[in-house]
Engineer: 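Take this structure, written in structure tokens, and hold onto it; I'll ask about it next.
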Amino acid sequence: MNVFFEEDGSFKVASIMTENPGSLQVEAVSGKRSKVKTANVLLRFEGALASFLENANIKAEDLDIPFLWECCGEDEFGFEDLAEEYYGKKPAPGEAAAIAIRLHSAPVYFYRKGKGRYKAAPEETLQAALAGLEKKRLQAEKVAQYVEQLKAGQLPEEFNGKIDALLYQPDKNSLEWKALEQASIESNQHVVRVLANCGAINSVHDYHLGAFLREYFADGEGFPEFDAPAVPEGLPRAAIEAFSIDDSTTTEIDDAFSLQPLADGVIRVGIHIAAPALGITEDDVLDQVAMHRLSTVYMPGHKITMLPELAIVPFSLNEGEWRPALSLYLDVAPDLSILKRESSVELVHVVANLRHDTLEPYFNENTLEQDSGHPYWQNLRFLFNLAESLEKGRGKYDSTRPIQVDYNFYVNEGKVSIIGRRRGAPIDKLVAELMIEANSHWGGLLAEHNVPGIYRAQNGGKVYMTVKAEPHQGLGVPQYSWSTSPLRRGVDLVNQRQIISVVQGTEPAYPVNSDDLAAIMRNFDLTYNAYNEFQTRMERYWCLQYLLQEDIHEIGATVWRENLVRLDGMPLITKVHGMPELAAGSRVIIEIQKVDTLLIELESRFKAVERSESTAEESEAA
């Protein structure tokens with residue numbers, strides 16, 4: 001005796017070996033033995049086992065589902081009852097099995113009510129379900145059509161007006177996305193590459209920028225209407241002449257310096273910081289903008305300023321102007337020790353905006369010993385000596401430390417230039433040390449007066465932000481509050497308000513345990529990191545664009561670690577295929593195999609170890 005039974009949602013047949021109460025031991029055609037519940041058995045039959053299920057499936061294919069639905073009536077029924085009515089006689093086991101298989105295959109028409117039992121779907125429900133199936137069928141056809149067009153490099157007409165959404169925020173239930181995803185799988189290409197191949201991405205640069213803008217500047221780069229900030233009247237005019245040192249592209253000039261000789265060889269050094277906090281008050285429109293943006297966004301060839309130009313100009317320390325400033329004065333003795341520190345809020349006269357590109361030829365490590373002829377050489381030389389003294393005071397001076405290279409990107413009409421700047425060169429050290437001095441001193445001033453601020457601290461190698469004055473081990477200072485770039489960073493603007501309140505003896509904008517201050521700190525930390533990641537991504541894009549622009553197929557590089565190298569002349573680290581095991585710092589030559597600015601990918605292969613001149617000479621002599 002054989003059985004036709006249901007198991008795991010499908011039908012099977014087997015021969016009965018033994019029968020127990022509630023269960024059977026059976027053997028399949030394959031010889032596999034198993035236990036089957038009696039309740040799962042739909043039919044018992046004699047005869048050939050091997051062909052039974054195959055013949056039943058063939059018979060089932062010939063059964064018309066709509067006709068079966070019309071035959072079964074409204075009440076619940078068993079498949080054998082329907083089989084008897086359909087065939088007009090007691091059905092053979094194979095015929096009954098065919099009915100069961102057909103009913104099971106049409107859940108839209110027949111609802112299951114148990115093993116072998118069904119109920120016909122109501123007509124209204126059935127028609128709605130059939131309409132839904134037809135809609136899905138047509139959609140599947142449309143998706144298939146889209147997929148073939150996309151794979152052929154043709155953009156379906158229906159995709160017009162939906163490209164931004166597909167690139168940046170796709171509706172994954174839409175037909176367009178399903179087609180794009182399927183085309184991506186079938187062509188083994190990224191979805192962005194599929195769209196690019198169809199001409200849907202007009203500018204690779206704008207695609208990368210668009211992704212960032214959509215997330216952080218969804219309403220655009222423009223500013224809301226605002227009242228121009230007023231510079232407060234009655235500020236004293238400082239009896240100094242200030243000068244700034246910045247890159248040629250800098251338009252938000254936050255800091256400047258001055259030197260004033262006093263008695264007994266003492267020099268009063270002024271560190272002057274633009275003071276927008278005097279005109280931008282807490283929670284006004286400009287403050288809301290600054291606390292939303294939290295920083296200027298930098299990228300090669302473009303930047304998105306934290307504040308609008310009309311709010312920057314009245315406070316930027318521009319050449320030839322009197323500008324409000326928060327100043328820190330250091331009375332420096334001939335031995336470069338600091339005798340006195342004093343802060344003031346005042347107007348300063350800016351007489352020069354010095355720029356790196358024109359200044360560095362006159363002031364670098366090779367011009368420190370002899371006057372180079374630059375009108376500010378004497379002042380710069382004194383400030384550099386002071387900077388080294390401050391660095392030694394922090395315990396961070398190292399005369400053997402190699403000068404590292406930073407890179408500036410200049411983009412003109414789509415063409416990029418990458419210019420190296422030596423980090424730690426005299427100009428950089430001069431500015432950096434005086435800014436560290438100001439940030440550390442003013443952070444201490446806030447703590448001394450129990451006025452809260454936002455600090456950067458480092459403990460155990462971890463750098464973090466906090467509203468408490470804590471040591472920064474990496475810098476070697478007891479506290480460090482960002483406060484020297486208030487035109488470009490929201491945290492500095494906030495800290496400047498607090499510092500000015502101490503200097504002027506007024507109530508601070510943010511009291512102790514201020515929830516607003518803590519929220520600004522958290523938001524800034526997240527946003528600033530995201531901005532930096534975007535800047536790094538765009539710099540990588542322009543490095544790749546430079547390789548294409550200059551048609552570079554081979555380039556020198558320095559091993560960073562394992563199979564990662566840093567390419568010459570740009571801040572680009574990449575993985576190199578076929579790299580032998582070399583020590584960090586080794587010089588190699590690599591082949592550029594593929595540059596993809598859309599997906600920000602570079603494929604390269606190791607070519608050779610770069611020989612030094614001495615090695616080459618030894619080889620020739622041998």
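For reference, positions follow the sequence shown, starting with 1.
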Engineer: Quick check: closest heavy atoms across Leu307 and Leu487, and the distance to 0.1 Å?
Structural biologist: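 Heavy atoms of Leu307 and Leu487 come nearest at CD1-O, 4.2 Å.
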
Engineer: Side chains of Thr281 and Asp284 only: does a donor on one sit below 3.5 Å from an acceptor on the other?
Structural biologist: yes

Engineer: Which heavy-atom pair separates Pro229 from Phe315 by the least distance, and what is that distance?
Structural biologist: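 Heavy-atom minimum between the residues: CG-CE1, 3.7 Å.
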
Engineer: Got more than 12 heavy atoms from elsewhere within 6.0 Å of CG, Asn366?
Structural biologist: yes

Engineer: side-chain contact (heavy atoms from CB on, under 4.5 Å) for Leu326 and Trp442? Distances and angles first, verdict last.
Structural biologist: CA-CA 11 Å; Leu326 172 62; Trp442 280 330; 3.6 Å; yes

Engineer: Determine yes or no for a side-chain-to-main-chain donor-acceptor pair under 3.5 angstrom, with Thr527 supplying the side chain and Asn523 the backbone.
Structural biologist: yes

Engineer: Does the Lys NZ or Arg CZ of Arg381 fall within the cation-pi geometry relative to Tyr376 - under 6.0 Å from the ring centre and within 45° of the axis?
Structural biologist: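 That pair does not qualify as a cation-pi contact.
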
Engineer: What I want to check is whether the side chains of Arg323 and Ser316 have a donor and an acceptor closer together than 3.5 Å.
Structural biologist: no

Engineer: If you count every heavy atom of other residues, nucleotides or ligands that lies below 6.0 Å from Asp219 atom CG, does the total exceed 12?
Structural biologist: no

Engineer: Can you confirm whether Arg489 sits close enough to Tyr528 that some side-chain heavy atom of one is under 4.5 Å from a side-chain heavy atom of the other?
Structural biologist: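 The answer is yes, as the side chains (C-beta and beyond) meet within the 4.5 Å cut-off.
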
Engineer: If you count the non-hydrogen atoms of other residues, nucleotides and ligands that lie under 6.0 Å from CG in Asp264, is the total more than 12?
Structural biologist: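 Counting neighbours around CG of Asp264, 12 or fewer heavy atoms of other residues, nucleotides or ligands fall under 6.0 Å, so no.
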
Engineer: Describe, in one word, how the ring planes of Trp542 and His205 are oriented to each other, choosing from parallel (under 30°), tilted (30 to 60°) and perpendicular (over 60°).
Structural biologist: tilted

Engineer: Measure the CD-OH distance between Glu539 and Tyr407 for me, rounded to the nearest 0.5 Å.
Structural biologist: 11.5 Å

Engineer: State the CE-CZ distance between Met465 and Phe524, to the nearest 0.5 angstrom.
Structural biologist: 5.0 Å

Engineer: What closest approach, in Å, do Ser327 and His272 show between heavy atoms, and which atom pair accounts for it?
Structural biologist: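 Result for this residue pair: OG-ND1, 2.8 Å.
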
Engineer: Kindly say whether Tyr510 contributes a backbone atom to a donor-acceptor pair with the side chain of Gln498 at under 3.5 angstrom?
Structural biologist: yes

Engineer: Could you walk me through whether Leu602 and Leu544 pass side-chain contact (heavy atoms from CB on, under 4.5 Å), step by step?
Structural biologist: CA-CA 7 Å; Leu602 173 64; Leu544 297 180; 3.8 Å; yes

Engineer: In terms of heavy-atom contacts, does CG of Asn529 have more than 12 from other residues, nucleotides or ligands at under 6.0 Å?
Structural biologist: yes

Engineer: I'd like to know if the side chain of His208 reaches the main chain of Leu598, judged simply by a donor and an acceptor atom lying under 3.5 Å from each other, with no hydrogens or angles considered.
Structural biologist: yes

Engineer: Distance only, no hydrogens: is a donor on one side chain within 3.5 Å (strictly under) of an acceptor on the other, for Ser344 and Glu346?
Structural biologist: yes

Engineer: Does the side-chain hydrogen bond (donor to acceptor under 3.5 Å, both in side chains) test come out yes or no for His441 and Gln479, once each step is laid out?
Structural biologist: CA-CA 8 Å; His441 173 73; Gln479 66 282 313; over 6 Å; no

Engineer: What's the separation between atom OG in Ser604 and atom CD1 in Ile589, rounded to the nearest 0.5 Å?
Structural biologist: 13.5 Å

Engineer: Below 4.5 Å, heavy atoms only, C-beta onward: do Arg540 and Glu601 meet side chain to side chain?
Structural biologist: no

Engineer: May I have the step-by-step check of side-chain contact (heavy atoms from CB on, under 4.5 Å) for Ile499 and Val451, ending in yes or no?
Structural biologist: CA-CA 8 Å; Ile499 297 165; Val451 172; over 6 Å; no

Engineer: Main chain of Ile436, side chain of Ser440: is a donor-acceptor contact present, judged purely on distance under 3.5 Å?
Structural biologist: no

Engineer: When you measure from the side chain of Asn408 to the backbone N and O of Ile419, does any donor-acceptor pair fall under 3.5 Å?
Structural biologist: no

Engineer: Check step by step if salt bridge (charged side-chain N to carboxylate O under 4.0 Å, His left out) holds for Glu562 and Lys575.
Structural biologist: CA-CA 9 Å; Glu562 298 174 352; Lys575 183 182 293 186; over 6 Å; no

Engineer: Is any side-chain heavy atom of Tyr410 less than 4.5 Å from a side-chain heavy atom of Ser248?
Structural biologist: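 In contact.
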
Engineer: Going by heavy atoms in the side chains, are Leu493 and Met291 under 4.5 Å from each other?
Structural biologist: yes

Engineer: Ring of Tyr298, cation from Lys303 - is the NZ or CZ under 6.0 Å from the centre and inside 45° of the axis?
Structural biologist: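 No; the conditions do not both hold, so Lys303 does not lie above the ring face of Tyr298.
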
Engineer: Drop me the distance from Leu359's CG to Asp357's CG, to the nearest 0.5 angstrom.
Structural biologist: 9.0 Å

Engineer: Please check if the side chain of Arg355 supplies one atom and the backbone of Thr249 the other of a donor-acceptor pair under 3.5 Å.
Structural biologist: no

Engineer: Going by heavy atoms in the side chains, are Ile271 and Met435 under 4.5 Å from each other?
Structural biologist: yes

Engineer: Going through the distances and angles, do Tyr531 and Phe212 end up as a ring-ring contact (aromatic ring centres under 6.0 Å, His included)?
Structural biologist: CA-CA 9 Å; Tyr531 288 0; Phe212 173 77; 5.8 Å; yes

Engineer: Please assess Glu437 against Val477 for the test side-chain contact (heavy atoms from CB on, under 4.5 Å), listing each intermediate value before the final yes or no.
Structural biologist: CA-CA 9 Å; Glu437 168 66 21; Val477 294; over 6 Å; no

Engineer: Any idea which heavy atoms bring Gln473 and Gly460 closest together, and the distance?
Structural biologist: OE1-N, 3.0 Å

Engineer: Do Asn318 and Asn353 have a side chain donor and acceptor closer than 3.5 Å?
Structural biologist: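 Short answer, no.
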
Engineer: Let me know which of Arg268, Lys340, Gln260 forms a side chain to side chain donor-acceptor pair (under 3.5 Å) with Asp331.
Structural biologist: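 With Asp331 as partner, side chain to side chain donor-acceptor pair (under 3.5 Å) holds for just one option, Arg268.
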
Engineer: Ignoring hydrogens and geometry, is there a side-chain-to-backbone donor-acceptor pair from Glu252 to Arg488 under 3.5 Å?
Structural biologist: no

Engineer: Looking at Tyr546, I want to see if its OH is surrounded by more than 12 non-hydrogen atoms of other residues, nucleotides or ligands under 6.0 Å.
Structural biologist: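 Count not over threshold, so no.
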
Engineer: Is it true that, when you exclude Glu319 itself, more than 12 heavy atoms of the residues, nucleotides or ligands shown sit nearer than 6.0 Å to its CD?
Structural biologist: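 Counting neighbours around CD of Glu319, more than 12 heavy atoms of other residues, nucleotides or ligands fall under 6.0 Å, so yes.
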
Engineer: Work out which heavy atom in Tyr362 is nearest to a heavy atom in Trp377; give both atom names and the distance.
Structural biologist: O-CD1, 3.7 Å

Engineer: Does the Ser514 side chain pair with the main chain of Leu517, one donor and one acceptor, at a distance under 3.5 Å?
Structural biologist: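 Yes.
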
Engineer: Does CZ in Arg566 sit with more than 12 non-hydrogen atoms of other residues, nucleotides or ligands closer than 6.0 Å?
Structural biologist: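 At most 12 heavy atoms, drawn from other residues, nucleotides or ligands, come within 6.0 Å of this atom.
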
Engineer: Salt bridge or not between Asp492 and Arg497? Use side-chain N to carboxylate O under 4.0 Å.
Structural biologist: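 Arg497 and Asp492: not salt-bridged.
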
Engineer: To the nearest 0.5 Å, what is the distance between CG (Leu434) and CG (Leu386)?
Structural biologist: 5.5 Å

Engineer: Nearest 0.5 Å, please: how far is CZ in Phe257 from CG in Leu380?
Structural biologist: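 Between atom CG of Leu380 and atom CZ of Phe257 there are 9.5 Å.
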
Engineer: Is it the case that the side chain of Asn495 and the backbone of Trp482 share a donor-acceptor pair, with hydrogens and angles ignored and the cut-off at 3.5 Å?
Structural biologist: yes

Engineer: Identify the heavy atoms of Leu430 and Ile245 that sit nearest to each other, and give their distance.
Structural biologist: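 Looks like CD2-CD1, 4.0 Å.
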
Engineer: Please identify which of these residues, Ser481, Pro471, Ser483, meets the side chain to side chain contact (heavy atoms under 4.5 Å, CB included) condition with Tyr455.
Structural biologist: Ser481

Engineer: Within a 6.0 Å radius of atom NE2 on His292, are there more than 12 heavy atoms belonging to other residues, nucleotides or ligands?
Structural biologist: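 12 or below, so no.
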
Engineer: With no hydrogens and no angle check, do the side chains of Tyr464 and Glu470 hold a donor and an acceptor under 3.5 Å apart?
Structural biologist: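 There is such a pair between these side chains.
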
Engineer: Hey, does the side chain of Glu241 reach the backbone of Val351 with a donor-acceptor pair shorter than 3.5 angstrom?
Structural biologist: no

